[in-house]
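Here is the structure we will look at.
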Number of protein chains: 2
Amino acid sequence: MTRVTIRTERYTGAMSTETPTVGRPRAFDEETVLDRATEAFWRHGYEGASLSVLTSAMGINRPSLYAAFGNKEQLFQRAFARYHDTQVANARAALDQPTAYASIEAFLRASADGLTDRDHPAGCLSIQGGLACSPENARISEILAAGRAATEAAVEERLSRAAKEGDLPDGMDPGALARFVMALSEGHAVHAASGASREDLHASVDIALRALALRQ
Amino acid sequence: MTRVTIRTERYTGAMSTETPTVGRPRAFDEETVLDRATEAFWRHGYEGASLSVLTSAMGINRPSLYAAFGNKEQLFQRAFARYHDTQVANARAALDQPTAYASIEAFLRASADGLTDRDHPAGCLSIQGGLACSPENARISEILAAGRAATEAAVEERLSRAAKEGDLPDGMDPGALARFVMALSEGHAVHAASGASREDLHASVDIALRALALRQ
DNA sequence: AGGGTTTTGTACTGATCGGTTGGTGACCCG
DNA sequence: CGGGTCACCAACCGATCAGTACAAAACCCT
């Protein structure tokens, strides 16, 4: 398995040149159409979002798409990076609480809210995008897995700090707890994708938090 | 959304006729090639498993596939039903323990083991099969969601019994707990698909069980 | 051995896939 | 207002998609 790195900052690669001063100006805003592409991938997955689906969702035609984004895979990488910057970043930011308990609660609550936000498709692009793919698109699965692993690493980092501060129940392993939290969040994503309500997910979070409520 | 029912018993529909006494006999065993198809769907998802992938995995050619199974979607339904009968049935059977705690533990342990069984692709067909699909295959997502909902209903049923027997912590809602358990199991499936080990999943189960350890 | 029946394998169908070509249109600069 | 440069758009490309037609092969029965 080749290594995949996730671009979490704003994309500023060579392909996306600064607006030239000559020539016909673009009739679309790159971020706007990227958001629409993100939504299409989110809803249908990488393979399920054909170029016809994408272009009609984005409101541009193929040559414009290819000129602006390179190809389908690169468009997806841009979309996924943007998804990270906007959606995933919310949950990660929620980790910044004074205690481990509060951090995990905030993370799970923010996830549950994001997964059921009516402004977007239900669920999570990191999973819907393509947990399983055709052999020739295996790289997409790797990219998504790397994104999830990065989020889990952020949770673990917060919990490792908590362990050092004596802020975790005795014998609780930060890595295992991070995995538990991420797994639950991913399961919530699956549930959200099949129609679970926000309240449903928060009730599940309530139960999960009992696992942390036993102190020392 | 149209209703989808899951066939959990052995398929005995009209298409799969009894072996005729005349004509050239089949060169393959239907259940054997169905198992291979299941594995291909499991590994690549419904859309990622093209007919070329399927036929070469099954070791038969297209006309044989179509004669035996109808079409790709019907083949998938057969594969999914078989997956339920064999894999999911293990976890459901594990629910049959004397206490709620033991039932949930057994369910989660059996799931974790199944998700990391080296005799099969890692993860869970119910999720990898196609959480998100192209618009024309939306029915596949519904079928899979119905399967997951059926499993969750089985968990809830066991827990409702436990509630009646006073075998759940005070104020614990069976539906919410079932959702929590299923979500965790689904998250474990996502983790397994991206390479988590069996021990990783069991450590996460250990933590989840703490949520139930608080009695009354 | 020969007729009836079913499976097998090759080669095909139209549709759609991701991606590109080439001509036209729209803008800035001189 | 003319030349240069880039974006837009329709139509196209080969490859692959799910699904099928047809003839040869393999069996049972008489």
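So that the names make sense, note that chain A is the first sequence line, chain B the second, and so on, each numbered from 1.
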Could you tell me the separation between the [atom1] atom of [X] and the [atom2] atom of [N], rounded to a whole number of Å?
X	N	atom1	atom2	result
B:Tyr66	C:dT7	OH	P	17 Å
A:Asn71	C:dG18	CG	C1'	9 Å
A:Ile140	C:dG18	CD1	C1'	13 Å
B:Leu75	D:dG19	CG	C1'	13 Å
B:Leu65	D:dG19	CG	C1'	10 Å

Atom pair CG/CD of A:Leu131 and B:Gln128 - distance to nearest 0.5 Å: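 One finds 4.5 Å between CG of A:Leu131 and CD of B:Gln128.
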Are A:Arg92 and A:Asp85 within salt-bridge range, i.e. N to O under 4.0 Å? no
Salt bridge present between B:Glu39 and B:Arg43 (N-O < 4.0 angstrom):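 Result for this pair is yes, salt bridge flagged.
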Any non-hydrogen side-chain atom of B:Leu212 less than 4.5 Å from a side-chain atom of B:Met172?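 B:Leu212 reaches B:Met172 side chain to side chain.
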Which letter, B, S or -, goes with each nucleotide of nucleotides 6-17 of chain D from 5' to 3', with contact meaning a protein heavy atom under 4.0 Å? BBSBB------S
Crowded around B:Glu157 CD? As in, over 12 foreign heavy atoms under 6.0 Å?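 Count not over threshold, so no.
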Would you check if there is a donor-acceptor pair between the side chains of A:His202 and A:Asp113 at a distance under 3.5 Å?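 A pair is found: one side chain offers a donor N or O, the other an acceptor, under 3.5 Å apart.
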